[in-house]
Protein chains: 2
Amino acid sequence: MSKIRTGQGSSKKDVIIKKAASLFRQKGYAASSMRELADLVGVEAPSLYNHIGSKSELLQAICYTVANEFNGHLGKVKNSKESCSKRIEQVIRFHIEMMLESFDEVYVANHEWKQLGDPFLSNFLQQRRSYENVMAAIIEEGIASKEFRKLHSHVAVLTILSAVRGLESWLRHRKNISKEDLENNMVEHLLNGLNK
Amino acid sequence: MSKIRTGQGSSKKDVIIKKAASLFRQKGYAASSMRELADLVGVEAPSLYNHIGSKSELLQAICYTVANEFNGHLGKVKNSKESCSKRIEQVIRFHIEMMLESFDEVYVANHEWKQLGDPFLSNFLQQRRSYENVMAAIIEEGIASKEFRKLHSHVAVLTILSAVRGLESWLRHRKNISKEDLENNMVEHLLNGLNK
DNA sequence: CCTACCGATCGGTAGG
DNA sequence: CCTACCGATCGGTAGG
């Protein structure tokens, strides 16, 4: 489903971006050097520049690919005919699946976006704000229709998105629980807290 | 209540640590230079070393001060005679208050601990694991006493801690909501999701 | 894809 | 507290 995965059809540039995501997640963007990245790819550092323009371009590619995936999904869910509860559940499950499928990329987009230079930084923040607003609108619709309890919609969005982000630390020290259990537990906790 | 605040009784070292927390939060640890920090303090870079030993020592001081505050509070709550629900609520409220009172420090401890060198890194992770275990034990006690619904306790801990951490992004672009509203909304959402 | 190398900046020290 | 300066490492280029 995603351009993030690296199959046999991937170019050298894709490989470099994939390795960069892994390196940036482990060490942070600023603390990662192009020499280390070159080692992971299996070439000398200057050779990287035959495929990419700069270090910052790698961060941009990672952050924007992730942002596009999330925006694409929310766009589809937004105007569906299902209940607000069902739509929010779909958003939660999508976040959890993205985290499990594209851990490095999502982690980097969540942690290292601050290192983006302008205009990429402001554009990224703009996209995120808009994403949160759409989610808040769905929750407000649910409150108006008495489906949800009367909570501040933006606080609820924050609570949900942050909780889901926490899977990061889960994925670092994998406990013995299946993806299904994880999803169902989290959906139950967050959705029951919302439901009337 | 906390050694984090910088009042009139603070030494130059305290001032440096406080400014470092602010700088590290804004730019990240690795991307912050000692020259920038010196500028904020109002001295030349080499003068910093009359008060501190190294850049990494600053990160250690910030992370450990925060960790000690949280551990101290949880230690007090842990064996209190109150209901599990009440104890979890106290933990949630403490996290929110810490975030509001010592934003820079908590943010840095949450985001930059990975840049700690060993043995500080493993010690920090050990403390955090132990903190989560104590919270999970309280939740399990609540499940056993039928106070809470039957959720995986470690997933619930993760959900709660992550949601509370999300206040970070709230504090960056302050919306018009009071501390009390924020706390009450979040406690209601998270606790109602837990309660039977 | 490599070797050779650049200017800039880093954390930190010496010496006063 | 400063000036002067160190070795190391950085992102990136030239040239083949």
Around atom NZ of A:Lys55, are there more than 12 heavy atoms of other residues, nucleotides or ligands at under 6.0 Å?
yes
5'-most contact on DNA chain C: A:Arg35 or A:Ala45, nearest heavy atom basis?
A:Ala45
Using a 4.0 Å heavy-atom cut-off across all strands, classify A:Ser56 as base, sugar-phosphate, or nothing.
nothing
Below the 4.0 Å mark, does D:dC1 have OP1 or OP2 next to a side-chain nitrogen or oxygen of B:Lys12?
yes
Ring-face cation of A:Lys114 near A:Tyr29 (centre distance under 6.0 Å, axis angle within 45°)
no
When the ring centroid of B:Tyr107 is compared with that of A:His111, is the distance short of 6.0 Å?
no
Pairing partner of D:dG16 (Watson-Crick or G-U wobble, both distances under 3.5 Å)
C:dC1
First encountered from the 5' end of DNA chain D, between A:Glu36 and A:Gly53
A:Glu36
In whole angstroms, the gap separating C1' of C:dG11 from CE of B:Met34 amounts to 8 Å
Check the angle between the aromatic planes of B:His73 and B:Phe94 and answer parallel, tilted or perpendicular using the 30° and 60° thresholds.
parallel
Complementary nucleotide for D:dC10 - Watson-Crick or wobble, under 3.5 Å
C:dG7
Residue closer to the 5' end of DNA chain C, A:Pro46 versus A:Asn50 (nearest nucleotide)
A:Asn50
Atom CD1 of A:Ile52 to atom P of D:dG11: distance rounded to whole Å?
10 Å
By nearest nucleotide on DNA chain D, pick out whichever of B:Val43 and A:Ala31 is the more 5' one.
B:Val43
Quick one: which of C:dC10, D:dG11, D:dC1 gets closest to the side chain of B:Ser47?
D:dC1
